[in-house]
Amino acid sequence: MAGRIVLGANQYGKAEVRLVRVDRSADRHTISDLNVTTQLRGDFEACHTQGDNSQVVATDTQKNTVYAFAREHGVGAPETFLLTLAHHFVDGFDQVTGGTFSAEQYAWERIEDGDHSFVRSGRETRTATVEVDGDEEVVVAGLKDCTVLKTTDSEFHGFPRDHYTTLAETTDRILATSITATWRYAASWIDYDATYAGVRDTLLATFADHHSLALQQTIFEMGKAVLERYDAVTEISLSCPNKHHFLVDLAPFELDNPGEVFYAADRPYGLIQATVRREPE
Ligand SMILES: O=c1[nH]c(=O)c2[nH]c(=O)[nH]c2[nH]1
């Protein structure tokens, strides 16, 4: 096969910079606990093809910048911290034309409402990504590992039956999933913390309140509720494994099982994914 061999798309940076910042400006301390990844894009061809590092902002430097910025600027909302980092690299180095800056944030709660002792509250992990390409910048917030379950108010029936169908129709089942959601903001520099909390609460409330005929329908309702409530959100993508709970057959033990005892399967699982967005006007 003829043809010149050239470098394709590339990016590089420091992955999973674990950053914990303590704000001790008051007696009541606060903590920010982040896992930050920086990925720079731009003119790095000479490094790849010739080993010329003259344009390479070392990944070690990127990691140091994360820690130094935590001291110089504080952390605040992860989206704000990532925007500040992104502008530093993209505006400060001619060879950097864009990048992806992302973070996971872990939540801590105060122990007995104390000033400096915390317990990790593992309800969900907050995520944030800032994508920069030249003058374009996109801020995406999200959450993952948000495991929810409802014991009723969920049905699944009316699906086609063919030679391979064994699934029984049901008008009452457990519905459980682990929500991964990402949503895109229309504008930068909004109140990211308040919007995050509101979107998360909206997702949870809709999961709880909606009478589900399919996980697909529940996902759409959750996304729709977020878009109806938050003008700043332009679209939301949800990825939800259907964490199947199978009723155990207790008849061999001469026991009935009126929806009480389940086998919680871990795999395989249905994987339902959808984006809910606004129709352009
Ligand atoms: O909510 C559901 N959606 C499906 O597409 C599906 N398929 C299946 O076997 N169970 C379910 N449940």
Side-chain angles (χ1 to χ4, degrees), residues 35 104-109 119-129 140-162 164-183 195-230 233 235-253 255-277:
N35 193 17
E104 292 184 353
Q105 185 181 45
Y106 312 113
W108 293 84
E109 276 170 25
V119 56
R120 254 291 274 275
S121 53
R123 199 166 79 166
E124 87 266 350
T125 299
R126 178 172 170 181
T127 60
T129 302
V140 174
L143 56 79
K144 63 179 198 176
D145 300 330
C146 184
T147 303
V148 290
L149 179 150
K150 57 201 281 178
T151 52
T152 187
D153 250 0
S154 167
E155 310 183 25
F156 188 66
H157 46 80
F159 48 88
R161 305 201 75 87
D162 71 2
Y164 301 108
T165 307
T166 57
L167 184 70
E169 311 224 336
T170 177
T171 55
D172 192 3
R173 66 172 183 175
I174 285 182
L175 184 63
T177 187
S178 170
I179 305 170
T180 299
T182 52
W183 55 93
T195 313
Y196 173 81
V199 170
R200 181 201 53 208
D201 291 349
T202 303
L203 291 171
L204 293 178
T206 309
F207 177 82
D209 297 343
H210 174 250
H211 183 95
S212 176
L213 297 177
L215 182 52
Q216 286 89 329
Q217 187 198 24
T218 304
I219 284 179
F220 180 74
E221 287 299 320
M222 291 194 294
K224 183 165 147 251
V226 168
L227 293 181
E228 281 171 352
R229 217 154 292 175
Y230 292 94
V233 177
E235 66 172 44
I236 178 165
S237 297
L238 290 138
S239 176
C240 293
N242 191 354
K243 291 173 152 302
H244 305 299
H245 286 65
F246 296 115
L247 202 63
V248 179
D249 179 10
L250 299 177
F253 322 117
L255 293 169
D256 65 354
N257 189 1
E260 283 189 7
V261 179
F262 293 87
Y263 161 57
D266 73 335
R267 67 190 72 173
Y269 49 89
L271 182 60
I272 316 294
Q273 302 179 306
T275 296
V276 186
R277 56 178 177 74

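With rounding to the nearest 0.5 angstrom, the CD atom of Q217 is 8.5 Å from the NE2 atom of H211. Remark: T275 OG1 to I219 CD1 distance equals 10.5 Å, nearest 0.5 Å. Between T182 atom OG1 and K144 atom NZ the span is 12.0 Å, to the nearest 0.5 Å. Taken to the nearest 0.5 Å, the NZ atom of K224 stands 10.5 Å off from the CZ atom of R229.
The two residues R173 and L215 come nearest to each other via the heavy atoms NH2-N, 3.9 Å. Of all non-hydrogen atoms in A225 and T206, the two that sit nearest each other are CB-OG1, 3.4 Å. Across every non-hydrogen atom of M222 and F207, the tightest pair is SD-CB, 3.8 Å. Of all non-hydrogen atoms in L238 and L203, the two that sit nearest each other are CD2-CD2, 4.1 Å. The two residues D172 and D153 have their closest heavy-atom pair at OD1-N, 4.2 Å. Of all heavy-atom pairs spanning W183 and G142, the tightest one is CZ3-CA, 3.5 Å.
Under the salt bridge (Lys or Arg N to Asp or Glu O under 4.0 Å) criterion, R200 pairs with E124, not counting sequence neighbours.
Checking side-chain atoms of R161 against main-chain N and O of L167 turns up a donor-acceptor pair under 3.5 Å. Side chain of T177 to backbone of P241: a donor-acceptor contact under 3.5 angstrom is found. Side chain of H244 to main chain of G270: a donor-acceptor pair is present (N/O by atom type, distance under 3.5 Å, no hydrogens or angles). The backbone N or O of A208 sits less than 3.5 Å from a side-chain atom of K150, completing a donor-acceptor pair. Under the 3.5 Å distance criterion, the side-chain polar atoms of D201 are left unmatched by any main-chain donor or acceptor of L204. Counting only distance, with no hydrogens or angles, the side chain of D256 and the backbone of P258 share no donor-acceptor pair below 3.5 Å. Listed for the N257 side chain is no donor-acceptor partner under 3.5 Å among the backbone atoms of L250.
Checking T180 against S239 by side-chain atom types alone, no donor-acceptor pair falls below 3.5 Å.
Within a 6.0 Å radius of CZ in R267, no more than 12 heavy atoms belonging to other residues, nucleotides or ligands are found.
Residues L175 and V148 are not in side-chain contact: their nearest non-hydrogen atoms beyond the backbone lie 4.5 Å or more apart.
Under the 30°/60° scheme for interplanar angles, the aromatic rings of F262 and H245 are found to stand perpendicular.
When each of T127, V199, T125, I179 is checked for a side chain to side chain contact (heavy atoms under 4.5 Å, CB included) with L143, only I179 meets the rule.
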